[in-house]
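Step one of this worksheet: look at the structure below.
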Amino acid sequence: MSAPALTPTPIPLTTIAELRQHHSQLVRLGLASHPAHARRLLSFLARDPDSHFPYAARLLAHHPDPHPALFNPLFSALPPRHAARLLALMLSLPLPPDHFTFPRLLPGAGPLHLVAQLHALLLKLGFHAHTQSLNALLAAYLTNDRPDLASRVFSGGGGGGALDVVSWTTMVGGLCKLGQVDGAREVFDAMPERNLVSWNAMMSGYVKAGRFTDSLEVFDEMRERGVEANGFVAATAVVACTGAGALARGREVHRWAERSGVEMDEKLATAVVDMYCKCGCVDEARCVFEALPAKGLTTWNCMIGGLAVHGRGEDAVELFGRMERESVAPDDVTLVNVLTACAHAGMVSEGRHYFDHIVQRYGIIPKMEHYGCMVDLYGRAGRLDEAKRVIDDMPMEPDVGVLGALFGACKIHGDVDLGEAIGWRVIELEPQNSGRYVLLANLLATAGRWEDVARVRRLMDGRNVSKEAGRSVIEVDGEVCEFQCGSLRHPQAEEVYAMANDMMRRIGAEGYVPDTRDVLHDIAEEEKETPLLYHSEKLAIAFGLLRTRPGDTMRITKNLRVCRDCHEATKFVSRVFEREIVVRDRNRFHHFKDGKCSCKDYW
DNA sequence: ATAGGGTTAG
């Protein structure tokens, strides 16, 4: 159309006055309808639709040659209400929607009734077999928690041959997000064709459902079929290994990714670093980290956090210093991790120092989490008064998490009075959280207040709060073996129990004394009288002694926190059997070696 | 139109 020479000098379009001026200039030059200029005008209006919608509508209504391309980009930029008004305008011109209209409109359509209206319009206008429109419709129903409606569209589209691999993958991913991972698997199994996105969607669906082994099985199947993976799939597989606590498999996936020439981008690298950290190999994580050419903020956070949960406070603080020197700006997560590192390593004054400079030096406004870390920092160190003062002085109402940190500190340091007061409070704030009842019961038990212990138990029973069963996994020869507290389900159960008995007898001879102070354990209700011997980590350790070679490090991942007795017993096992044992519990890592633990009994 | 990473307190 018009030559660029006639284009008016671009002026900043930041106010409505400038916009009007610009517009009138375009009109004078006869350029107002030129697609590029019109789009520029319209995109400005999309930024503040509330005040400028009428202006945009006039512009579009009076356009000499309206085209869907003028409307479509606005549909994805406007909130649902304005998009609907714009659609009404479009239809009134009348200007029929094209192939881009529904895919732009549907993702932001919002509430179900709008999606249903678009659905009806889509059918009326004859888009019933248009794949991209149908796919957008599927996604819209799925995000509105209506897999039933999505399925209906899906089955209807199947007959007409209008579905493609994206439609199937949308169903798989959408069902996974709604927690229907088994349903997703059925769709996945029936797919006529899969691409890497489909494989990854299924794998990550299992990961989100906590079904790491299933995820890795899908990954194996993918490889068996000779499908070449990419970084997405590799990252998901690595995350699955992280969740499963499967170090050997994680290493294998890592090597395989390197071999197959998958690019180690920031996300994949971070997943790998995290995998090594969470599988107990913080040094290996550090090697991967150091070898990275460029490290993103998340990667730094991950490495610092990894050092923190391994109790390596000095290293974490040092790495944070290097991050500063390399001018990588920390975020709130970084500071949480640094404070956690200080808390877990007993570095109270360092932690205080970072917190004091959090605003001025790091430009971070302390959030609830940071106050929680400070409570934890003082609490773990036994400085309960100062922990309490943090809570009293914080600018917001402490949430249950912050109070929980103080409560935990009371348990560690046996402050029954304060602990009881806070304990009841956190229980009432989160009545379904079984761990809080257990902690309070155990705290009261240390004071010999058996009637109150029974009261806590009854309260739990009355509210139908069930405790999570203790589970520990240990990886042997690349196989992940799980043990449940008191359960005899393992194929080698008899042998394992015999070994566990023998193990306890041997450490008993070396001075181990069972610690029965914790009367309630985080185990299933019907198993609460299970002897300490049958705690899942003892079974896992016994199994490890049976199945790994002398001198091998045993790595155990546990779903709950390790109890006092298991902690003590594991210290003895590490000395008597001359084994390094790394236990990852709900909160942190314990490295047992020569009868000592890296947490310095401070957890 | 479908896909991947980190965070404290029990």
Practice problem: Send over the distance from A/L297 CG to B/dT7 P, rounded to a whole Å. | Solution: 13 Å

Quiz item: What nucleotide among B/dA1, B/dA9, B/dG4 has an atom nearest to a side-chain atom of A/L268?
Solution: B/dG4

Practice problem: Answer with yes or no after comparing the ring centroid distance for A/W256 and A/F219 against a 6.0 Å cut-off, counting only values under it. | Solution: yes

Quiz item: What does A/V197 touch in the nucleic acid at a heavy-atom separation under 4.0 angstrom: a base, only the sugar-phosphate, or nothing?
Solution: base

Self-check item: Test side chain to side chain donor-acceptor pair (under 3.5 Å) applied to A/T334 and A/N301, step by step
Solution: CA-CA 5 Å; A/T334 320; A/N301 286 350; 2.6 Å; yes

Practice problem: Please state whether the base of B/dA3 and the side chain of A/N230 form at least one donor-acceptor pair under 3.5 Å? | Solution: yes

Quiz item: Between A/E266 (CD) and B/dG5 (P), how many Å, whole number?
Solution: 13 Å

Quiz item: Between A/K177 and B/dA3, does any side-chain N or O lie under 4.0 Å from OP1 or OP2?
Solution: yes

Quiz item: Among B/dT2, B/dT7, B/dA1, which nucleotide sits nearest the side chain of A/V336?
Solution: B/dT7

Quiz prompt | B/dA9 phosphate, OP1 or OP2, under 4.0 Å from A/H344 side-chain N/O | solution = yes

Self-check item: Protein-nucleotide distance (A/F154, atom CZ; B/dA1, atom C1'), rounded to Å
Solution: 14 Å

Exercise. Can you figure out which of B/dT2, B/dA3, B/dA1 approaches the side chain of A/F232 most closely?
Key: B/dA3

Quiz prompt | Selection from B/dG4, B/dA1, B/dA3 that lies nearest to any side-chain heavy atom of A/T236 | solution = B/dG4

Quiz item: Hey, does A/G408 reach any base, or is it just sugar-phosphate, or nothing, if we go heavy atoms under 4.0 Å?
Solution: sugar-phosphate

Quiz item: Are the side chains of A/L406 and A/L403 in touch, meaning some heavy atoms are under 4.5 Å apart?
Solution: no

Practice problem: Please state how far atom NE2 in A/H310 lies from atom P in B/dT7, giving the value in whole angstrom units. | Solution: 12 Å

Quiz item: At under 4.0 Å between heavy atoms, what does A/G173 touch on the DNA or RNA strands: base, sugar-phosphate, or nothing?
Solution: nothing

Quiz item: Does the B/dG6 base have a donor-acceptor partner in the side chain of A/N337 within less than 3.5 Å?
Solution: no

Quiz item: Of the candidate nucleotides B/dG4, B/dA9, B/dG5, which contains the atom at the shortest distance from the side chain of A/T298?
Solution: B/dG5

Quiz item: Can you check whether A/R380 has a side-chain N or O nearer than 4.0 Å to OP1 or OP2 of B/dA9?
Solution: yes

Practice problem: Determine the contact category for A/T299: base if any of its heavy atoms lies under 4.0 Å from a base atom, sugar-phosphate if only primed atoms, P, OP1 or OP2 are that close, otherwise nothing. | Solution: base

Quiz item: A/I358 has an atom CD1; how far is it from atom P of B/dT8, in whole Å?
Solution: 15 Å

Practice problem: In whole angstrom, give the distance that lies between atom CE of A/M222 and atom P of B/dG4. | Solution: 15 Å

Exercise. Report which part of the nucleic acid A/D332 touches: base, sugar-phosphate, or nothing (heavy-atom distance under 4.0 Å, all strands).
Key: nothing

Exercise. Classify the side-chain pair A/D164/A/T131 by whether it contains a donor and acceptor separated by less than 3.5 Å.
Key: no

Quiz item: Could you state the CG-P distance from A/L175 to B/dA3, rounded to the nearest angstrom?
Solution: 13 Å

Quiz item: Has the side chain of A/T270 got a donor or acceptor that lies under 3.5 Å from a partner of the other kind on the base of B/dG5?
Solution: yes

Self-check item: N/O donor-acceptor pair, side chain A/D376 with base B/dA9, under 3.5 angstrom
Solution: no

Quiz prompt | Donor-acceptor side-chain pairing of A/R463 and A/Y437 below 3.5 angstrom | solution = yes

Quiz item: Does the separation of the ring centres of A/Y206 and A/F212 fall below 6.0 angstrom?
Solution: no

Practice problem: Applying ring pair (Phe, Tyr, Trp, His ring centres under 6.0 Å), run through A/W300 and A/F289 and close with a yes or a no. | Solution: CA-CA 8 Å; A/W300 284 96; A/F289 177 84; 5.2 Å; yes

Practice problem: Please determine, for the side chain of A/C373, which listed nucleotide (B/dG4, B/dT8, B/dT2) has the closest atom? | Solution: B/dT8

Exercise. Give one of base, sugar-phosphate or nothing for A/K278, where a contact means two heavy atoms less than 4.0 Å apart.
Key: sugar-phosphate

Practice problem: Under 4.0 Å between any heavy atoms, over every strand shown, what does A/V239 touch: base, sugar-phosphate, or nothing? Just pick one. | Solution: sugar-phosphate

Quiz item: How long is the line joining CG of A/L307 and P of B/dT8, in whole Å?
Solution: 14 Å

Self-check item: Side chain of A/A201 - closest among B/dA9, B/dA3, B/dG6
Solution: B/dA3

Quiz prompt | Side-chain donor/acceptor contact of A/D331 with base of B/dG6 under 3.5 Å | solution = yes

Quiz item: Looking at A/S204, does any N or O in its side chain come under 4.0 Å of the phosphate oxygens OP1/OP2 on B/dA3?
Solution: no

Quiz prompt | B/dG4 phosphate, OP1 or OP2, under 4.0 Å from A/K208 side-chain N/O | solution = yes

